[in-house]
> 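Attaching a single structure in structure tokens format; questions to follow.
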Amino acid sequence: MIKILKYGEVDNKDIFARAVPTVDVEAVVAEIIANVRKNGDSALLEYTEKFDRAELISLRVTKEEIEEAYTLVEPEFVEVIKKAAANIIKFHRRQVRNSFIINDEAGVVVGQKIIPVDKAGLYVPGGTAAYPSTVLMDSIPAKIAGCEDVVMVTPPNAEGKVNPAILVAASVAGVDKIFKVGGAQAIAALAYGTESIPKVDKIVGPGNAFVAEAKKQVFGQVSIDMIAGPSEILVVADKTTNPRYVAADLLSQAEHDKMASAVLVTDSMELAEAVSRELEVQIPLLERAEIARVSIDNNGKIIVADTLMAAIDIANEIAPEHLELAVDNPFDYLDSIKHAGSIFMGKYCPEALGDYFAGPNHTLPTSGTARFSSPLSVDDFIKKTQYTYYTKDALKNVAWDVHRFAEKEGLTAHAKSAVIRFED
């Protein structure tokens, strides 16, 4: 049963405690990465046979396999994928940055260019955890940014097939290349390249502990989006909120995995107790009831605060991945939310809207990193290059200023380079 904690009456360590994964996979992942760097495709094929029980001749998904996928996915769901993609495109197009130029002094031009990364790599979980939504969320911003090559990796099943819904989503989103490989070995392939899989500049997408560790180890060789921790939801609700809705929303994250965190913060003990009872009604009805039960019992909590504003202060301290403002007039409180990955406003905005359909990205900072990081966006697939131009006269006007600054830092070659052009 979920814990109910009264803020101010229990230790704050209990209020703000987080689930911490304890799986140590560093050495295993390092060995996998080294093997892929040395042996390329042959290592990938061996790992795919070992971990996915699939014997492959080729790693790349063919055009025929994508066409077949459309015949295996219900037409109604294909239309849902297309609707979700349209919403995601509409939202992310507003994130596009423009280059700029400043030329308000005679002989001086400075500016900034926005340039997409050449190649983006997307990791998409497969098997029992197949998420076509992740394909849309991770590839559409890359395409909007202008990446010339969007490469997706995802593990196959034992028959060597990729989940057809994932292939349809990739087709709708415009993914350029798809490869049948998962796990740490897929991250290594994207980071270093193999005979089949091109080396990319940025890797994004969620995965298990092995994938997260691999992203951590290849960072610096390539850029990554984030090291994702267990999924989180925090609901801020008042006494007028329906406890059935709150319980359902908490369970929408608790069913992800046993380490997931589901938290309610409210100013009503009556609501807290009602949600606790409702969780016990709803958990047995879930297909993933065993997972949700462990998540709720071990990592779930209900925090009762004195006021709604105190509840929001607690939410800001936790800085959750998903934050629901399940209150009347939620826009009255929006400016008070400082730290959250994504905010869901009102009593009819379940977090699942954001997972699949509304348009804002569902790849979000976890484990409190929303205090300093952001959701995946078009910005993740661009880089900024700046430039400077001075005429002779413009440089002459500032050369001795540059000289003085450089000398103050003890860098006499810097100083000399600024004035040498005028010594004659």
Side-chain angles (χ1 to χ4, degrees), residues 91-121 138 141-151 190-193 198-204 215-227 316-317 319 334-341 361 363-365 367-424:
F91 181 85
H92 288 80
R93 276 182 175 162
R94 297 296 294 268
Q95 297 175 341
V96 174
R97 291 177 179 265
N98 295 314
S99 301
F100 65 81
I101 186 170
I102 301 172
N103 184 18
D104 54 8
E105 294 182 51
V108 177
V109 180
V110 294
Q112 178 175 276
K113 288 177 61 180
I114 302 296
I115 306 168
V117 299
D118 289 338
K119 290 181 171 62
D138 288 358
K143 298 298 287 188
I144 289 174
C147 296
E148 66 182 34
D149 204 6
V150 177
V151 181
L190 291 173
Y192 294 100
K199 177 186 180 302
V200 302
D201 304 300
K202 177 116 187 189
I203 300 174
V204 304
K215 287 169 69 176
K216 182 178 179 181
Q217 290 191 24
V218 302
F219 176 64
Q221 173 69 25
V222 293
S223 177
I224 62 172
D225 52 351
M226 62 188 76
I227 305 296
N316 279 325
E317 183 66 25
L334 181 58
D335 287 347
S336 298
I337 302 296
K338 297 188 297 180
H339 307 305
N361 210 282
T363 300
L364 304 169
S367 306
T369 59
R371 297 185 65 83
F372 51 79
S373 56
S374 307
L376 190 76
S377 72
V378 173
D379 285 349
D380 283 284
F381 300 98
I382 63 166
K383 55 195 180 72
K384 309 176 189 82
T385 297
Q386 57 196 27
Y387 57 90
T388 304
Y389 168 79
Y390 273 57
T391 63
K392 181 178 180 180
D393 287 342
L395 176 61
K396 187 175 182 179
N397 289 336
V398 301
W400 283 98
D401 292 332
V402 175
H403 183 279
R404 290 186 187 94
F405 220 132
E407 282 205 326
K408 181 60 71 174
E409 294 190 349
L411 299 174
T412 54
H414 281 65
K416 184 72 171 178
S417 72
V419 299
I420 194 170
R421 291 163 172 79
F422 306 104
E423 287 182 347
D424 295 337

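Below, each value reflects all heavy atoms present in this structure, side chains not excepted, and no hydrogens, waters or symmetry copies.
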> Any idea which heavy atoms bring Pro116 and Ala145 closest together, and the distance?
CB-O, 3.2 Å
> Counting only heavy atoms from other residues, nucleotides and ligands, does the tally under 6.0 Å from OH of Tyr387 exceed 12?
yes
> Please assess Ile114 against Gln112 for the test side-chain contact (heavy atoms from CB on, under 4.5 Å), listing each intermediate value before the final yes or no.
CA-CA 7 Å; Ile114 302 296; Gln112 178 175 276; 3.8 Å; yes
> Just verifying a value: how many Å separate Asp380 CG and Ser374 OG, rounded to the nearest 0.5 Å?
8.0 Å
> Do the non-hydrogen side-chain atoms of Lys143 and His92 ever get within less than 4.5 Å of each other?
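Lys143 does not reach His92 side chain to side chain.
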> Over all heavy atoms of both residues, which pair between Glu407 and Ala415 is shortest? Give the atoms and the distance, please.
CG-CB, 3.8 Å
> Just verifying a value: how many Å separate Asn316 CG and Ile337 CD1, rounded to the nearest 0.5 Å?
5.0 Å
> Measuring from Asp138:CG to Phe381:CZ, what's the distance to the nearest 0.5 Å?
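So the CG of Asp138 and the CZ of Phe381 are separated by 6.0 Å.
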> With heavy-atom distances below 4.5 Å as the criterion, would you say the side chains of Glu409 and His414 are in contact?
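They are not in side-chain contact.
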> Between Asp149 and Pro198, which heavy-atom pair has the shortest distance, and what is it?
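That closest heavy-atom pairing would be OD2-CG, 4.3 Å.
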> Which distance, rounded to the nearest 0.5 Å, do you find between the OH of Tyr389 and the CG of Asn103?
10.0 Å
> How many angstroms lie between CD1 in Ile382 and NZ in Lys202, if you round to the nearest 0.5 Å?
10.0 Å
> Would you say the side chain of Val204 lies within less than 4.5 Å of the side chain of Thr363, judging by non-hydrogen atoms?
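The answer is no, as the side chains (C-beta and beyond) never meet within the 4.5 Å cut-off.
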> Please evaluate residues Glu148 and Lys119 with respect to the criterion side-chain contact (heavy atoms from CB on, under 4.5 Å), reporting the C-alpha separation (whole Å), side-chain torsions for both, the decisive distance (0.1 Å), and the verdict.
CA-CA 6 Å; Glu148 66 182 34; Lys119 290 181 171 62; 4.1 Å; yes
> How far apart are the closest heavy atoms of Gly341 and Pro375, and which atoms are they?
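What the structure gives for the nearest pair is O-CG, 3.2 Å.
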> So, do Leu190 and Val222 sit near enough that their side-chain heavy atoms are less than 4.5 Å apart?
no
> When you look at Leu395 and Arg421, which way does the side-chain contact (heavy atoms from CB on, under 4.5 Å) test go after all the steps?
CA-CA 9 Å; Leu395 176 61; Arg421 291 163 172 79; 3.6 Å; yes
> Give, for atom NZ of Lys113 and atom NZ of Lys383, the distance between the pair rounded to the nearest 0.5 Å.
8.5 Å
> Given the rule in the salt bridge (Lys or Arg N to Asp or Glu O under 4.0 Å) test, do Arg404 and Asp401 qualify, once you have shown the distances and angles that lead to the verdict?
CA-CA 5 Å; Arg404 290 186 187 94; Asp401 292 332; 3.4 Å; yes
> Donor-acceptor pair, distance only, cut-off 3.5 Å: does the side chain of Ser377 make one with the backbone of Asp379?
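Yes.
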> Donor-acceptor check, side chain of Gln95 to backbone of Val378, threshold 3.5 angstrom: yes or no?
yes
> Is Phe405 atom CZ crowded by more than 12 heavy atoms from other residues, nucleotides or ligands, each under 6.0 Å away?
no
> Before you tell me yes or no, could you show the steps for Lys215 and Ile227 under side-chain contact (heavy atoms from CB on, under 4.5 Å), namely the whole-Å CA-CA distance, both residues' side-chain angles and the distance that decides it to 0.1 Å?
CA-CA 7 Å; Lys215 287 169 69 176; Ile227 305 296; 4.2 Å; yes
> What pair of heavy atoms forms the shortest contact from Phe422 to Lys392, and how long is it?
CZ-O, 3.6 Å
> Heavy atoms only: give me the nearest Ser373-Pro365 pair and the separation to one decimal.
OG-CB, 3.3 Å
